[in-house]
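Notes for the one structure printed next.
Numbers here are sequence positions counted from 1.
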Amino acid sequence: MKTFQITLLKGDGIGPEIVDQAVKVLNKTAEKFHFSVTYDEALLGGAAIDATGQALPSETVEKCKASDAVLLGAVGGPKWDSLPGNQRPEAGLLGIRGALGLFANLRPAVIFEALKEASPIKPEIIGDALDIMVVRELTGGIYFGQRGRDTKDGVESAYDTERYSVPEVERIARIGFEMASKRNKKLCSVDKANVLESSRLWRATVARIGEEYPDVELTNMYVDNCAMQLVRNPKQFDVILTSNIFGDILSDEASMISGSIGMLASASLGKNQFGLYEPIHGSAPDIAGTGLANPLATILSVAMMLKYTLNIPEAAQAIEDAVAKALTKARTADIHTEGMKKVTCEEMGDLVCELL
Ligand code: NAD
């Protein structure tokens with residue numbers, strides 16, 4: 001029987017509660033699909049600061065590197081808010097992504113049939129379902145480029161630099177095309193090639209890599225138009241491929257189309273399909289320990305792990321189907337509607353296991 005080693009970074013706030021439910025679901029899935037999982041826990045964020053004085057202890061990086069995949073809850077909270085930026089729990093988050101070489105961020109924006117009414121977009125625009133995947137470059141571009149401040153003739157200025165190399169664009173483009181070839185075979189590369197030189201290099205490189213994927217239809221769109229089209233006609237998109245800064249903004253926009261922050265999963269991939277999986281929401285300190293947290297984003301992150309790192313897509317599908325069914329039977333408080341049974345975080349985890 002195949003055994004996978006998973007490192008759990010439960011983090012702070014609701015992190016431990018939601019990760020516990022996701023582990024329960026992964027164990028049940030393993031039983032059903034005949035594989036086994038061993039877990040190792042490591043510290044990240046506020047919990048790590050309290051125990052070791054550092055948001056990202058080196059032992060955590062080593063444990064993550066020694067595993068097949070990482071499942072992260074969330075980090076941060078008011079207890080650590082007064083620390084300087086580079087010592088806060090969130091610094092651990094950026095640190096672990098860098099240390100593990102996670103260069104591709106996958107953010108699905110999916111609307112479950114049962115939750116259509118939660119979307120801020122009109123039902124006639126959404127249609128039966130919506131399923132977009134935003135592939136964002138995560139370790140290059142303006143967030144990592146040269147930056148600085150200077151003063152000339154008494155006038156202070158600041159600058160940040162958008163720079164991409166051909167190999168950086170090639171590797172993220174390949175992830176985008178691979179993703180599209182397993183989905184609806186449509187890739188929209190988003191840039192600002194009418195203005196930015198870095199975007200012109202991006203566009204030319206993506207087109208060249210596209211020749212390796214003749215079954216995928218490649219289109220290009222300017223980022224300002226894409227922001228508009230996501231609201232006007234989101235169904236036109238399958239996979240959106242874009243740079244770090246554009247992806248930061250567009251993935252948040254795309255995910256809000258689906259209405260609830262407690263439902264949204266994500267993956268960050270490095271070389272050889274290694275990945276870190278986490279819900280997109282934060283540690284929700286306002287509801288930690290109350291049982292009100294929705295564990296479905298974390299459970300759906302486990303489904304992504306099965307699809308993109310552990311290569312058991314049928315197990316991923318089983319979790320997604322169980323989540324869709326669970327939503328027709330009960331809801332956590334954040335997505336509750338009148339007449340529907342209200343359940344706690346743990347009860348939702350149990351329900352998904354029962355429906356698997
Ligand atoms: P948040 O996502 O934690 O919470 C925003 C709102 O959504 C809150 O009202 C919260 O109760 C609710 N919410 C979030 N997740 C939920 C869930 N699973 N079920 C039900 N309700 C949920 O964002 P915030 O309040 O801006 O940040 C809180 C802390 O989390 C901060 O310290 C922030 O820096 C950190 N943060 C961490 C991550 C991460 O670990 N990836 C991401 C964002 C924010």
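L300 and I261 fall into different hydrophobic clusters, where Ile, Leu, Val, Met, Phe, Trp and Tyr are joined by side-chain heavy atoms under 4.5 Å apart, directly or via other members. Residues V343 and F112 share a hydrophobic cluster, clusters being chains of Ile/Leu/Val/Met/Phe/Trp/Tyr side chains in contact below 4.5 Å. In the hydrophobic cluster analysis, where Ile, Leu, Val, Met, Phe, Trp and Tyr join through side-chain heavy atoms closer than 4.5 angstrom, M304 is grouped together with V23. Connection of V110 to I126 is not established within any shared hydrophobic cluster, with ILVMFWY side chains joined at heavy-atom distances below 4.5 Å, either directly or through further cluster members. Linking ILVMFWY side-chain heavy atoms closer than 4.5 Å, directly or via other members, places V195 and V223 in a single hydrophobic cluster.
For the pair L250/V190, a side-chain contact is recorded, criterion being any heavy-atom separation below 4.5 Å from C-beta on. T7 is not listed as a side-chain neighbour of L71, based on a closest heavy-atom distance of 4.5 Å or more. Using a 4.5 Å cut-off on side-chain heavy atoms (C-beta onward), T242 and S189 make no contact. When side chains are defined from C-beta on, R331 does not count as touching K342, because their heavy atoms never get closer than 4.5 Å. Annotation: side chain of Q317 is in contact with side chain of E320 (closest heavy-atom distance under 4.5 Å). Inter-residue side-chain proximity for T3 and V37 is flagged as unmet; no heavy-atom pair is nearer than 4.5 Å. At least one side-chain heavy atom of I209 sits less than 4.5 Å from a side-chain heavy atom of F177. Contact of the D238 side chain with the L187 side chain is not registered, since no non-hydrogen atoms from C-beta on lie closer than 4.5 Å.
Counting heavy atoms of neighbouring residues, nucleotides and ligands inside a 6.0 Å radius, atom CD of E338 does not exceed 12 of them. For CZ of R147, the number of neighbouring non-hydrogen atoms (other residues, nucleotides, ligands) closer than 6.0 Å is greater than 12. Under a cut-off of 6.0 angstrom, the local environment of CG in N272 is sparse, with at most 12 non-hydrogen atoms contributed by other residues, nucleotides or ligands. Other residues, nucleotides and ligands contribute only 12 or fewer heavy atoms inside 6.0 Å of the CD atom of Q146.
A donor and an acceptor atom, one from each side chain of Y213 and E178, are located under 3.5 Å apart. There is no side-chain donor-acceptor pair under 3.5 Å between N233 and Q229. W202 and S243 form no side-chain donor-acceptor contact under 3.5 Å, judged by distance and modelled atom types alone. Looking only at atom types and distance, the side chain of Q5 has a donor-acceptor partner in the side chain of T38 under 3.5 Å away. Of the N and O atoms on the side chains of N27 and E31, not one donor lies less than 3.5 Å from an acceptor on the other residue. A donor atom on one side chain and an acceptor atom on the other are not found under 3.5 Å apart for W80 and D12. Donor-acceptor pairing under 3.5 Å is recorded for the side chains of Y143 and D248. Side-chain contact, E346 with Q21: no donor N or O sits under 3.5 Å from an acceptor N or O. Y277 and S268 are not linked by any side-chain donor-acceptor pair at a separation below 3.5 angstrom, with hydrogens and angles left out of the test.
Side chain of R88 to main chain of D81: a donor-acceptor pair is present (N/O by atom type, distance under 3.5 Å, no hydrogens or angles).
A pairwise comparison of heavy atoms in T332 and T344 identifies CG2-O, 4.0 Å as the closest pair. Considering all non-hydrogen atoms of both residues, L56 and T60 come closest at CD1-CG2, 3.9 Å. Contact detail for L44 and G92: the closest heavy-atom pair is CD1-O, 3.6 Å. Scanning all heavy atoms of the two residues, the minimum distance from S266 to S301 falls at N-OG, 3.8 Å. The two residues A326 and V352 have their closest heavy-atom pair at CB-CG2, 4.1 Å.
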Query raised in the report: Could you go step by step and tell me if L230 and I240 meet the side-chain contact (heavy atoms from CB on, under 4.5 Å) rule?
Result: CA-CA 10 Å; L230 272 171; I240 292 175; 4.0 Å; yes
Query - CA sep, side-chain torsions, deciding dist, call: H281, I14, side-chain contact (heavy atoms from CB on, under 4.5 Å) - result: CA-CA 10 Å; H281 59 71; I14 62 170; 3.6 Å; yes
Requested in this report: I would like to know whether I245 and E162 meet side-chain contact (heavy atoms from CB on, under 4.5 Å); could you show each step before the answer?
Outcome: CA-CA 9 Å; I245 187 170; E162 173 87 341; 4.3 Å; yes
**Report entry** Trace of the side-chain contact (heavy atoms from CB on, under 4.5 Å) decision for L130 with I257
**Finding:** CA-CA 9 Å; L130 189 71; I257 292 173; 3.4 Å; yes
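Checking K28, K329, K24 one by one against D350, the salt bridge (Lys or Arg N to Asp or Glu O under 4.0 Å) holds for a single residue, K24. Exactly one of L106, L241, V239 qualifies for a side-chain contact (heavy atoms from CB on, under 4.5 Å) with I175. That residue is L106.
Because its NZ or CZ atom is both nearer than 6.0 Å to the ring centre of F103 and within 45° of the ring axis, R171 counts as a cation-pi partner of that residue.
Taking CD of E347 as the start and NZ of K341 as the end, the distance is 6.5 Å to the nearest 0.5 Å. Rounded to the nearest 0.5 angstrom, E278 CD and L264 CG are separated by 12.5 Å. Atom CG of N184 is separated from atom CG of D131 by 7.5 Å, given to the nearest 0.5 angstrom. Atom CG of residue L94 and atom OG1 of residue T139 lie 12.0 Å apart, to the nearest 0.5 angstrom. Distance CZ/F144 to OH/Y164: 9.0 Å, rounded to 0.5 Å. The structure places SG of C188 at 7.0 Å from CG of N220, a figure rounded to the nearest 0.5 Å.
Using a 4.0 Å cut-off between charged nitrogen and carboxylate oxygen, E17 and K10 do not count as a salt-bridge pair. Electrostatic pairing of R163 and E168 does not count as a salt bridge here, judged by no charged N lying under 4.0 Å from a carboxylate O. Electrostatic pairing of K116 and E113 counts as a salt bridge here, judged by a charged N lying under 4.0 Å from a carboxylate O. Salt bridge K79/D50: present, at least one basic N to carboxylate O contact under 4.0 Å. Using a cutoff of 4.0 Å between basic side-chain nitrogens and carboxylate oxygens, K185 and E217 are not scored as salt-bridged.
In this structure, the side-chain contact (heavy atoms from CB on, under 4.5 Å) partners of Q273, at least two apart in sequence or on a different chain, are N311.
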